[in-house]
2 protein chains.
Amino acid sequence: MSTPLSEMEKEVIDIFVRIAGVLSLPRSIGELYGLLFISPDPLCIDDCVRKLGISKGSTSQGLKILRSFAAVKPVYMPGDRRDFFTAEAELRKIVGGFVSEQVRPHLDNGKERVARIQLLLAEETPERKEFFAERIKRLEGWQKRANAVLPFALNFIKPD
Amino acid sequence: MSTPLSEMEKEVIDIFVRIAGVLSLPRSIGELYGLLFISPDPLCIDDCVRKLGISKGSTSQGLKILRSFAAVKPVYMPGDRRDFFTAEAELRKIVGGFVSEQVRPHLDNGKERVARIQLLLAEETPERKEFFAERIKRLEGWQKRANAVLPFALNFIKPD
DNA sequence: CACTTTGTTCAGTACTTTTTGAACAATCTG
DNA sequence: CAGATTGTTCAAAAAGTACTGAACAAAGTG
């Protein structure tokens with residue numbers, strides 16, 4: 001029932017499984033992307049299930065998440081009712097999708113949080129206030145810097 | 001037995017718990033760093049245990065990890081046998097420690113991995129070889145770019 | 001040296017996340 | 001439309017991760 005993976009496939013998939021780990025994404029998502037990345041032709045859900053030996057449920061959900069930040073794109077196959085997918089190989093598109101999907105929300109949240117803390121500062125005794133004010137200013141600085149590095153880093157990935 | 005946290009402490013700790021999540025570090029590590037970050041004076045293990053309501057084991061291990069990338073530094077308190085800690089507030093130092101401790105190893109591993117895959121390329125039929133070669137080259141490019149962005153991003157954090 | 005204080009370690013437990021698989025919905029096909 | 005094919009959803013199970021607490025080690029104290 002299950003097709004064995006070639007050495008090459010295993011190695012490449014392994015790389016993406018590790019990357020998934022770093023990004024705190026499920027293992028299966030790394031497997032799926034890796035498989036599609038190294039597949040000359042688009043694959044359908046059942047191809048993935050057979051090749052990777054994971055369940056159809058995982059595969060369906062995994063591809064959904066990968067599509068959500070455009071790491072994988074659907075390919076129309078004439079005369080075939082099944083959905084086929086290839087890996088998006090342009091790093092810029094993936095990173096862009098991932099950032100706006102998973103990173104930006106955190107940064108935005110942080111910003112309003114720091115704002116809230118600044119209000120709490122008013123209630124402190126003058127003595128402690130000084131220290132707290134310094135720390136909050138520092139937090140704000142980090143915040144700003146994170147927001148500044150992002151677009152820059154994205155831009156660093158220019159050609160593709 | 002346990003000291004309640006002030007509003008300010010809660011808010012700040014919350015921020016660092018979120019950051020810990022993003023970096024896939026345990027929640028307790030975020031709590032510890034947050035607490036120390038907003039504490040005017042150095043704290044000992046038992047202070048942390050009482051303030052955060054976590055176990056001594058977690059605290060000990062958490063501080064060990066925080067020390068491993070210099071996010072926290074021991075402070076000598078004359079006449080006190082206990083170990084005290086403050087948060088390292090210089091972003092550059094923390095990020096530097098974190099990178100060389102948790103990021104660099106991944107990048108290095110990736111590099112040798114890509115090298116290994118290139119060897120496997122030899123065993124492919126000319127037809128598939130072309131596609132595989134393109135993909136591997138792409139992987140290599142990402143690799144290189146990641147290695148290039150890092151020092152640059154670190155440098156971006158100049159003043160402190 | 002017996003006792004106290006402090007920090008570490010680690011097996012077991014609690015919790016969280018991911019995966020499975022079966023039921024379902026949607027769409028196609030003859 | 002009845003039956004088949006394909007994809008999705010979600011409750012339950014499995015796997016993975018972090019936390020606890022008690023036992024231990026190390027070092028100080030009287």
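When reading the values below, keep in mind they use all heavy atoms of this one structure, side chains included, and skip hydrogens, waters and symmetry mates. Proteins get letters first, then strands, A, B, ... in listed order; numbering begins at 1 in each.
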task = Output yes when at least one side-chain N/O atom of B:Ser28 is less than 4.0 Å from OP1 or OP2 of D:dC19, else no.
result = yes
Euclidean distance, atom CD1 of residue A:Ile29 to atom P of C:dT19 [Å, nearest integer] = 8 Å
ask   = Separation of B:Arg50 atom CZ from C:dG7 atom P, in whole Å?
value = 11 Å
query = Over how many whole Å does the gap from A:Leu66 atom CG to D:dT8 atom C1' extend?
reply = 16 Å
A:Ser58 vs C:dT20: side-chain N/O to OP1/OP2 distance below 4.0 Å = yes
message = Between B:Arg82 and C:dT6, is there a contact of a side-chain N or O with OP1 or OP2 at under 4.0 Å?
response = yes
ask   = Any link between B:Val17 and B:Val22 through a network of hydrophobic side chains (Ile, Leu, Val, Met, Phe, Trp, Tyr) touching at under 4.5 Å?
value = no
remark   = A:Leu63 CG to D:dT8 C1', in whole Å, measures 12 Å
ask   = Over how many whole Å does the gap from B:Lys56 atom NZ to C:dC10 atom C1' extend?
value = 14 Å
message = Applying a 4.0 Å non-hydrogen cut-off, can you work out what A:Asp46 is touching in the nucleic acid: base, sugar-phosphate, or nothing?
response = nothing
ask   = When you measure from the side chain of B:Arg18 to the backbone N and O of A:Gly110, does any donor-acceptor pair fall under 3.5 Å?
value = no
inquiry  = Less than 6.0 angstrom from the centroid, inside 45 degrees of the normal: does B:Arg145 satisfy that with respect to the ring of A:Phe156?
reply    = no
query = Is any side-chain N of the basic residue among A:Glu140 and A:Lys137 closer than 4.0 Å to the acidic one's carboxylate O?
reply = no
Whole angstrom value for the distance that separates P of D:dC10 from CD of A:Gln61 = 9 Å
inquiry  = Assuming nearest nucleotide by heavy-atom distance, tell me which of A:Gly57 and A:Ser24 is located more 5' along DNA chain C.
reply    = A:Ser24
task = Hey, which sits more toward the 5' end of DNA chain D by its nearest nucleotide, B:Ser55 or A:Phe84?
result = A:Phe84
ask   = How long is the line joining CG of B:Leu52 and P of D:dA18, in whole Å?
value = 17 Å
Of A:Arg81 and A:Ile45, the one whose closest DNA chain D nucleotide lies more 5' = A:Arg81
task = Pick base, sugar-phosphate or nothing for B:Lys64, based on heavy-atom distances below 4.0 Å to the nucleic acid.
result = sugar-phosphate
message = With a 4.0 Å cut-off on N to O distance, would you call B:Asp14 and A:Arg113 a salt bridge?
response = yes
remark   = Rounded to whole Å, the CD1-P distance (A:Ile54 to D:dA15) equals 15 Å
note = Closest of D:dG21, D:dA18, C:dT20 to the B:Pro26 side chain is D:dA18
